[in-house]
Amino acid sequence: MDRFMQCAIEEAKKGLAEGGIPIGSVLVRNEEIVGRGHNMRIQENDPLAHAEIVCIRNAGRLGNYRDMVLYSTLMPCYLCAGAAVQFGIKKVIVAEAENFKGASDFMREHGIEIINLNIDECKEMMMHFIKDRPEVWYEDIGK
């Protein structure tokens, strides 16, 4: 397993242990993690505290983001995809896109390379969360 994705999975598990949504993210530059985070919508009562947003916030101001890779345990939504586009991140690596298709077309249209690792552990973790807490999941998704 990719060591950076393993860190994102650790973040997702941390979020789940806190009673939140199990989505984790890390931001990598030159083979070094510069930011990490997990979904904090529930914990912080903040609708914008998605894993990728928290991760980028935790990285702080880094100037140019074009040489960075964003890892996420789930395909980013339009909010998070918009942040990747806004900051010029050129590559997004996801653990899965089966439970949520996200904004992959939007990111590709804006020149972002997307790699889906199709990790069963992440698919199962998200599937169980959606089944166990649909009211929380669909609140964010808007279904």
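Hydrophobic clustering, defined by side-chain heavy atoms of Ile, Leu, Val, Met, Phe, Trp and Tyr closer than 4.5 Å, groups L48 together with I53, L79.
Closest non-hydrogen pair, E98 versus E96, comes out as N-OE1, 2.7 Å. In terms of heavy atoms, L16 sits closest to P22 at CB-CB, 3.9 Å. In terms of heavy-atom proximity, I23 sits nearest to A51 at O-CB, 3.3 Å. Residues L27 and C55 approach most closely at N-SG, 3.4 Å, considering heavy atoms. Scanning both residues, A95 and T73, for their nearest heavy atoms gives CB-O, 3.4 Å. When every heavy atom of V92 is checked against every heavy atom of P76, the shortest pair comes out as CG1-CG, 4.1 Å.
No side-chain heavy atom of D46 sits less than 4.5 Å from a side-chain heavy atom of R41. Side-chain contact between M107 and I89 is absent, with no heavy-atom pair separated by less than 4.5 Å. With a 4.5 Å cut-off on side-chain heavy atoms, R36 and V26 count as touching. In this structure, the side chains of C122 and L74 stay at 4.5 Å or more apart for every pair of heavy atoms.
Both I115 and V28 are assigned to one and the same hydrophobic cluster, defined by single-linkage of ILVMFWY side chains at heavy-atom distances under 4.5 Å. Tracing side-chain contacts under 4.5 Å through hydrophobic residues (I, L, V, M, F, W, Y), one never reaches I9 starting from M40; they form parts of separate clusters. In terms of hydrophobic clustering, with Ile, Leu, Val, Met, Phe, Trp and Tyr side chains grouped at heavy-atom distances under 4.5 Å, I33 and V94 are assigned to different clusters. In the hydrophobic clustering of ILVMFWY residues, with side-chain heavy atoms under 4.5 Å counting as a link, M125 and F129 come out together. Under the 4.5 Å side-chain contact rule for hydrophobic residues, V69 and V54 do not share a cluster.
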Would S72 and E52 count as a side-chain hydrogen bond (donor to acceptor under 3.5 Å, both in side chains) if you check the C-alpha gap in whole Å, the side-chain angles of each, and the deciding distance to 0.1 Å? CA-CA 7 Å; S72 181; E52 298 86 348; 2.6 Å; yes
Determine, step by step, whether E11 and K14 satisfy the salt bridge (charged side-chain N to carboxylate O under 4.0 Å, His left out) criterion, reporting the C-alpha distance in whole Å, the side-chain angles of both residues, the deciding distance to 0.1 Å, and the verdict. CA-CA 5 Å; E11 286 291 328; K14 190 183 302 183; 3.5 Å; yes
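Every salt bridge (Lys or Arg N to Asp or Glu O under 4.0 Å) that R29 has, sequence neighbours left out, goes to D67. Applying the ring pair (Phe, Tyr, Trp, His ring centres under 6.0 Å) criterion to H128, with sequence neighbours excluded, gives no partner residue. Considering only residues two or more places apart in sequence or on other chains, F106 meets the ring pair (Phe, Tyr, Trp, His ring centres under 6.0 Å) condition with Y78, H110. For E31, the salt bridge (Lys or Arg N to Asp or Glu O under 4.0 Å) partners are R3, not counting sequence neighbours.
Across I130, D132, N99, a single residue satisfies side-chain contact (heavy atoms from CB on, under 4.5 Å) together with W137, and that is I130. Checking M126, R133, Q43 one by one against I21, the side-chain contact (heavy atoms from CB on, under 4.5 Å) holds for a single residue, M126.
Taken from CG in N116 to CD1 in I119, the straight-line distance is 8.5 Å, to the nearest 0.5 Å. Atoms NZ and CD, on K91 and E113 in that order, are 4.5 Å from each other to the nearest 0.5 Å.
Sparse packing is recorded around CG of N45, with 12 or fewer heavy atoms of other residues, nucleotides or ligands lying under 6.0 Å away. Within 6.0 Å of CD in E18 there are more than 12 heavy atoms belonging to other residues, nucleotides or ligands.
Within the structure, every pair that satisfies the ring-ring contact (aromatic ring centres under 6.0 Å, His included) test and touches residues 18-74, not counting sequence neighbours, is listed here: F4-Y71, Y65-F87.
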